[in-house]
There are 2 protein chains.
Amino acid sequence: MEEKKNVKYHSADECPITATIDVIGGKWKPPIIWLLLRGPMRFGELHKTIPAMALKVLSRTLKELESDGIILRKAYPEIPPRVEYSLSQKGESLRQIMTLMSEWSRANIMDEALNPGPL
Amino acid sequence: MEEKKNVKYHSADECPITATIDVIGGKWKPPIIWLLLRGPMRFGELHKTIPAMALKVLSRTLKELESDGIILRKAYPEIPPRVEYSLSQKGESLRQIMTLMSEWSRANIMDEALNPGPL
DNA sequence: CGGCATCCTAGTAGATACTG
DNA sequence: CAGTATCTACTAGGATGCCG
């Protein structure tokens, strides 16, 4: 018998879900991971694909994902410079979760206007 | 052939993952959903289980989850009052995602200290 | 017991201009 | 091309105190 019933949270990050969302959450991390699941992309390519995201925010977010081990950064020592971002093994392992969340949103959020729900 | 390659994000909430995280994310929603997946709980019970969470924040968070259709609120007209929270059908449908995220964090975050990773 | 109102704080997102 | 620096703005989270 597990004693699940006695769990207590004395801080938020004791929750395993919260720990995961800290890594993949935030305003812009999901779209970036979601895009990189389809293959590597260059900095400018990401910028053009997410025009709503300020450059500063993009580079900051990429650095966070890199330091969390989710993405890999490969800089080519050329002129002009070229930098390619791709998912690490750890990032790849998020594929199933991301896919399920995408399906869940399509089923439960996007359809909301159509399904007012039980009254 | 789908033209996935032409996706563009002109705002963050066009991303289906972001949409889902908006609902289940934030600092305290995950532990609450995670707890309610094991069964209904009373307000005070939640409070005792997550003592780090201020009462105000708890009630605000519960209201958000309720208005998003994730949880159900049942108030018993007694003295003293009793209010029970449980997951809705929609909330229940998050079980697989939550479970996967929990497993992912155990495999990729909690073990981090033990696995420095490739050097 | 189970809340809500008010006010405050701090972390993140964002705009613009400049650099290797 | 691929960033960084600086400054501003917003919003989620938090502490305290009162009410049905």
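Fair warning: this is a prediction, and the values are worked out from it, not measured in the lab. Values below: every heavy atom of this structure, side chains too, minus hydrogens, waters and symmetry copies. First the proteins, then the strands, lettered A, B, ... as listed; each starts at 1.
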Per-nt protein contacts along nucleotides 2-16 of chain C (heavy atom under 4.0 Å; B base, S backbone sugar-phosphate only, - none) come out as SSSBB------BBB-
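Taking each heavy atom of B/Ala19 and A/Ile109 in turn, the nearest pair found is O-CD1, 3.4 Å. Contact record, B/Pro30 with B/Gly26: CD-O, 3.4 Å, taken as the closest heavy-atom pair. The two atoms that bring A/Met98 and A/Ile24 nearest to each other are SD-CD1, 4.5 Å, heavy atoms only.
Using a cut-off of 4.0 Å between Lys/Arg side-chain N and Asp/Glu carboxylate O, A/Arg95 and A/Glu92 are scored as salt-bridged. A salt bridge is absent between A/Glu66 and A/Lys63; no separation between the charged side-chain nitrogens and carboxylate oxygens falls under 4.0 Å.
In this structure a side-chain-to-backbone donor-acceptor pair under 3.5 Å is missing from B/Ser102 to A/Ile17.
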Output a table of donor-acceptor pairs, distance under 3.5 Å, between side-chain atoms of residues 8-16 of chain A and any protein atom two or more places apart or on a different chain; print 'none' if there are none.
{"from": "A/Ser11", "atom 1": "OG", "to": "A/Asp13", "atom 2": "OD1", "distance (Å)": "2.9"}
{"from": "A/Glu14", "atom 1": "OE1", "to": "A/His10", "atom 2": "N", "distance (Å)": "3.2"}
{"from": "A/Glu14", "atom 1": "OE2", "to": "A/His10", "atom 2": "N", "distance (Å)": "3.3"}
{"from": "A/Glu14", "atom 1": "OE2", "to": "A/Ser11", "atom 2": "N", "distance (Å)": "3.1"}

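The nucleotide range of DNA chain D contacted by chain B, defined by atoms under 4.0 angstrom from heavy atoms of the protein and reported 5' to 3', is D/dG13 to D/dG20.
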